[in-house]
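Note that ligands are numbered from 1 as they come in the structure, with each ligand's atoms numbered from 1 the same way. Computed from heavy atoms alone, side chains included, the values below leave out hydrogens, waters and symmetry copies. Quick caveat: nothing in here was measured; it's all calculated off a predicted structure.
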Amino acid sequence: MIPNDQIQAQLPFCLEETDFPELGEKYVGKVRDNYTKGEKRYLISTDKISAFDRGLCTIPFKGQVLTQMAKFWFEETKDIIGNHVLEYPDPQVCVGVQCTPLPIEMVVRGYITGVTTTSAWYNYEKGVRDFCGNMLPEGLKKNQKFDAPILTPSTKAEHGDHDESVSREEILKRTSLTPEQYDFIADASLKLYQRGVEIAAKQGIILVDTKYEFGVTPAGDIVLIDEIHTPDSSRFWFANEYDQRFAAGEEQKKIDKEYLREWLAAAGFRGEGEIPAIPDEVRVETARRYIEAYELITGQQFEAEVGDVTERIKRNLL
Ligand SMILES: Nc1ncnc2c1ncn2[C@@H]1O[C@H](COP(=O)(O)OP(=O)(O)O)[C@@H](O)[C@H]1O
Ligand SMILES: [Mg+2]
């Protein structure tokens, strides 16, 4: 594990935005700066972090951690379905094949949890029993494991709107997806999740739920795009404490931005109003946890690259 003073030293070099017109047409996503040129899509993970749906600050090495984690999982799952990856010219840049994204996100859930309006637990608590075409039994408790993982596809909302979770039938009614395409990515999603669960379990981690995006390549194949099994797209819990916490009705121990969320909540921030100034120690500790999560989940050591990220990317790409 990288020592704290190295994380500290990286604070002034965090990547907040990029400006590389040479790489093509730019699209600024919530976390990644995307550039497209011909059949290539450059996905540059910034170090920005958001919580409560608000952009907050930057976290040293976060972009690198996410890129490397997705790289690990793309590699571990490519026998299930092909993916968009062409190369990694920089530790925080993935070059993918520019695809036509399919208009839905495939969410797979192994446990009933969550607090947002699209989450399974929120809806179940409100009395919903038919959740996106999945009939849920009575008497489930928060964070309980489903008998079998469920699929809850959601429509991709335009910027600012919220995604909506719906059933297969609704997806086919509302989007251009064919039944064959839907069934193909539904099957792939369940297999990807199963693989994720197995690998994470060996590391003492529960892959709680996750979402996948798929696209059609210029050659006409459906592949996995975007990212896979990162803390931005998935929930992870610690397996060794699951039973005891579940039995006691306590929250699960999470591997993600929970530390930062809790710090913000303690500072009186839950998403509304002015964002409190986030001290460097908190940013360093958040980074440490991201790196720890990477090492824990992948079983590999994180190779930190201290220094100016923008300059490095320029060196590696331009
Ligand atoms: N291979 C690909 N082809 C086309 N679009 C892609 C590909 N991989 C990822 N994307 C899209 O690029 C964007 C990645 O940046 P992100 O910060 O996640 O943006 P967003 O705020 O739209 O989620 C997403 O919109 C995702 O759907
Ligand atoms: Mg995204």
Novice: When you look for heavy atoms under 4.0 Å from ligand 1, do you find them on the side chain of Arg32, its backbone, both, or neither?
Specialist: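 Looking at Arg32 and ligand 1, atoms from backbone and side chain both fall under 4.0 Å.
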Novice: Give the single entry among Lys48, Glu213, Glu105, Arg41 that approaches atom 12 (O) of ligand 1 most closely by any heavy atom.
Specialist: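 Nearest heavy atom to atom 12 (O) of ligand 1 lies in Arg41.
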Novice: Verify whether the ring centers belonging to His229 and Phe236 lie closer than 6.0 Å.
Specialist: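 No - the distance between ring centres of His229 and Phe236 does not fall below the 6.0 Å cut-off.
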Novice: Using 0.5 Å steps for rounding, measure from the CH2 atom of Trp73 to the OG1 atom of Thr298.
Specialist: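 So the gap between those two atoms works out to 9.0 Å.
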Novice: Whether the side chain of Arg245 engages the backbone of Glu251 through a donor-acceptor N/O pair (distance < 3.5 Å, no angle test) should be reported.
Specialist: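 Looks like yes, one N/O pair under 3.5 Å.
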Novice: Please name the pair of heavy atoms, one in Thr118 and one in Phe131, separated by the smallest distance, quoted to 0.1 Å.
Specialist: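 In this case the closest contact between Thr118 and Phe131 is O-CZ, 3.5 Å.
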Novice: For ligand 1, which part of Val97 has a heavy atom less than 4.0 Å away: the side chain, the backbone, both, or neither?
Specialist: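 The backbone, only.
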Novice: For Lys30, which part has a heavy atom under 4.0 Å from ligand 1: side chain, backbone, both, or neither?
Specialist: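 Near ligand 1, Lys30 shows its backbone as well as its side chain.
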Novice: Which of these, Gly215, Cys94, Cys99, Ser45, has its nearest heavy atom closest to atom 4 (C) of ligand 1?
Specialist: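 Answer by nearest heavy atom: Cys99.
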Novice: Backbone, side chain, both or neither: what part of Asn34 comes under 4.0 angstrom of ligand 1, heavy atoms only?
Specialist: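 Only the side chain of Asn34 comes within reach of ligand 1.
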Novice: Check ligand 1 against Val31 and write out every atom of the ligand that is under 4.0 Å from a heavy-atom position of the residue.
Specialist: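 Near Val31, the atoms of ligand 1 are 17 (O).
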Novice: Specify side chain, backbone, both or neither for Glu227, according to which of its non-hydrogen atoms lie closer than 4.0 Å to ligand 1.
Specialist: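 Answer for Glu227: neither.
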Novice: Using non-hydrogen atoms of the residue, decide whether Gly96 is closer than 4.0 angstrom to ligand 1.
Specialist: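 Per 4.0 Å heavy-atom rule, Gly96 does not contact ligand 1.
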Novice: For the ring pair Tyr111 and Tyr242, is the centre-to-centre distance below 6.0 Å?
Specialist: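 Between Tyr242 and Tyr111, which both carry aromatic rings, the centre distance is below 6.0 Å.
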Novice: Could you go step by step and tell me if Val97 and Val223 meet the side-chain contact (heavy atoms from CB on, under 4.5 Å) rule?
Specialist: CA-CA 10 Å; Val97 183; Val223 296; over 6 Å; no
Novice: What's the shortest heavy-atom distance between Lys26 and Thr18, and which atoms?
Specialist: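 So the minimum-distance heavy-atom pair works out to NZ-O, 2.5 Å.
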